[in-house]
Asker: 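Right, I'll just put the structure down here and ask away after.
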Amino acid sequence: MTSFRYVRKEVFSPTSIYILRCITGFSAGYFLMLTFPRFDLFWALLSIVLVISPEGKDTARLSLERVKANLIGAFSSFLPVYLPFGTYYKVLAGIILAALLCRIFNLLSVARTAVVAIIIILIEKPNEGFMAPIDRFLSVLSGCVIGLLITLTTAYIIKLAYKRQLLIEYKLLR
């Protein structure tokens with residue numbers, strides 16, 4: 001009984017689950033980068049890993065909050081991106097707007113994620129033209145969605161596997 005419990009505890013530990021999710025997310029993002037080299041999907045890969053939560057409890061909620069924070073960050077980048085100021089001031093305006101929106105939506109605990117999205121959209125190759133921030137926004141958004149789907153899908157699969165493992169242990173020890 002002790003060996004079953006030990007194996008179950010290790011296999012279903014938050015660390016093991018986080019490693020599984022990160023490997024799955026990185027693999028998905030890397031595959032997309034290789035499959036669609038014309039698009040700048042590095043930011044999707046980064047967003048996938050940012051959305052996946054290492055916390056064992058409330059993982060889906062935290063991942064969803066990070067997606068919302070990424071969307072706030074992306075939105076906060078769009079307003080100042082076309083202002084007639086330098087990049088530094090555009091990022092400052094985006095940070096202020098993101099912090100205020102995160103406060104309004106009670107997401108201040110994940111505001112850091114919003115600021116990362118702002119930096120990705122506004123600083124990375126700022127002179128690429130009109131479509132570059134939109135491309136990076138779409139890349140960040142797709143990464144957030146993929147990361148959230150990985151979190152939700154693995155949570156469902158892990159829950160089923162855990163129940164199945166308990167059933168097997170029960171039948172073996174009966």
Side-chain angles (χ1 to χ4, degrees), residues 1-77 98 101-121 124 135-174:
M1 178 68 171
T2 305
S3 62
F4 284 125
R5 192 173 297 142
Y6 175 77
V7 169
R8 181 176 9 98
K9 184 178 175 184
E10 291 303 312
V11 169
F12 295 100
S13 73
T15 304
S16 297
I17 292 169
Y18 180 63
I19 290 169
L20 170 71
R21 286 179 175 151
C22 282
I23 289 172
T24 304
F26 176 77
S27 299
Y30 196 73
F31 174 76
L32 285 174
M33 282 177 52
L34 293 177
T35 305
F36 303 104
R38 276 190 26 213
F39 300 102
D40 191 12
L41 293 175
F42 170 75
W43 302 113
L45 175 64
L46 185 65
S47 297
I48 290 169
V49 176
L50 273 175
V51 166
I52 295 171
S53 176
E55 292 84 5
K57 194 174 188 180
D58 294 331
T59 302
R61 181 188 58 80
L62 290 170
S63 292
L64 188 58
E65 285 180 0
R66 287 190 176 119
V67 169
K68 290 176 186 175
N70 260 308
L71 294 176
I72 287 172
F75 174 76
S76 299
S77 299
L101 288 173
C102 284
R103 176 69 179 115
I104 288 169
F105 292 112
N106 199 23
L107 293 168
L108 209 49
S109 63
V110 291
R112 176 187 63 188
T113 306
V115 172
V116 169
I118 291 166
I119 292 170
I120 289 170
I121 291 169
E124 170 65 16
D135 289 342
R136 287 191 293 274
F137 165 74
L138 293 173
S139 185
V140 168
L141 178 63
S142 63
C144 289
V145 170
I146 291 168
L148 181 61
L149 287 174
I150 287 170
T151 300
L152 296 175
T153 303
T154 55
Y156 179 75
I157 292 169
I158 289 165
K159 186 176 179 180
L160 288 177
Y162 188 79
K163 286 181 180 180
R164 186 157 178 85
Q165 176 65 30
L166 288 175
L167 185 63
I168 290 170
E169 287 177 29
Y170 176 77
K171 287 181 179 179
L172 286 174
L173 297 174
R174 228 168 147 194

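In this text the structure is predicted, and so the values were computed from the model without any measurement. Sequence positions, counted from 1, serve as the residue numbers for this chain.
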Asker: Is the shortest side-chain heavy-atom distance between Ser139 and Asp135 below 4.5 Å?
Answerer: no

Asker: Decide yes or no on side-chain contact (heavy atoms from CB on, under 4.5 Å) for Ile146 and Leu32, but give the supporting numbers first.
Answerer: CA-CA 11 Å; Ile146 291 168; Leu32 285 174; 3.4 Å; yes

Asker: Search all heavy atoms of Val51 against all heavy atoms of Gly147 and return the closest pair with its distance.
Answerer: CG1-C, 3.8 Å

Asker: If you take all heavy atoms of Ser77 and Ile121, which pair is closest and at what distance?
Answerer: CB-CG2, 3.6 Å

Asker: About how many Å separate CH2 of Trp43 and CG of Leu50, when rounded to the nearest 0.5 Å?
Answerer: 10.0 Å

Asker: Side-chain contact test, heavy atoms from C-beta onward, threshold under 4.5 Å: evaluate it for Leu64 versus Leu148 and give yes or no.
Answerer: yes

Asker: Would you check if the side chain of Thr153 reaches a backbone N or O of Ile150 as a donor-acceptor pair within less than 3.5 Å?
Answerer: no

Asker: Where is the tightest heavy-atom contact between Leu107 and Lys68, given as atom of each residue plus distance?
Answerer: CD1-CB, 3.7 Å

Asker: In sequence, state the C-alpha distance, the side-chain angles, and the governing distance for Ile158 and Phe12, and then conclude on side-chain contact (heavy atoms from CB on, under 4.5 Å).
Answerer: CA-CA 8 Å; Ile158 289 165; Phe12 295 100; 3.8 Å; yes

Asker: Would you compute the distance between atom CG of Leu152 and atom CD1 of Ile157 and round it to the nearest 0.5 angstrom?
Answerer: 11.0 Å

Asker: Could you go through the side-chain contact (heavy atoms from CB on, under 4.5 Å) check for Leu141 and Leu71 one step at a time?
Answerer: CA-CA 7 Å; Leu141 178 63; Leu71 294 176; 3.1 Å; yes

Asker: Look up atom OG1 in Thr151 and atom CD1 in Ile17, then write down how far apart they are to the nearest 0.5 Å.
Answerer: 11.0 Å

Asker: Nearest 0.5 Å, please: how far is CG in Asp40 from CE in Met33?
Answerer: 8.0 Å

Asker: Please round to the nearest 0.5 Å and tell me the distance separating atom CD1 of Ile23 and atom CD1 of Ile52.
Answerer: 10.5 Å

Asker: Evaluate Ile118 against Ser76 for side-chain contact (heavy atoms from CB on, under 4.5 Å), listing each step before the verdict.
Answerer: CA-CA 7 Å; Ile118 291 166; Ser76 299; 4.0 Å; yes

Asker: Tell me every residue that passes ring pair (Phe, Tyr, Trp, His ring centres under 6.0 Å) with Phe31, counting only those two or more places apart in sequence or in another chain.
Answerer: none

Asker: Just to verify, what does Ser109 make a side-chain hydrogen bond (donor to acceptor under 3.5 Å, both in side chains) with, not counting sequence neighbours?
Answerer: none

Asker: Taking Ser16 for its side chain and Glu10 for its backbone only, find out whether a donor-acceptor pair lies under 3.5 Å.
Answerer: yes

Asker: Sequence neighbours left out, what passes ring pair (Phe, Tyr, Trp, His ring centres under 6.0 Å) with Tyr30? Give chain and number order.
Answerer: Phe26

Asker: Identify the heavy atoms of Ala69 and Thr113 that sit nearest to each other, and give their distance.
Answerer: CB-CB, 3.9 Å

Asker: Determine the minimum heavy-atom distance between Ser142 and Ala44, stating which atoms define it.
Answerer: OG-CB, 3.8 Å

Asker: What are the two closest non-hydrogen atoms of Cys102 and Ala114, and how far apart are they?
Answerer: SG-CB, 4.1 Å

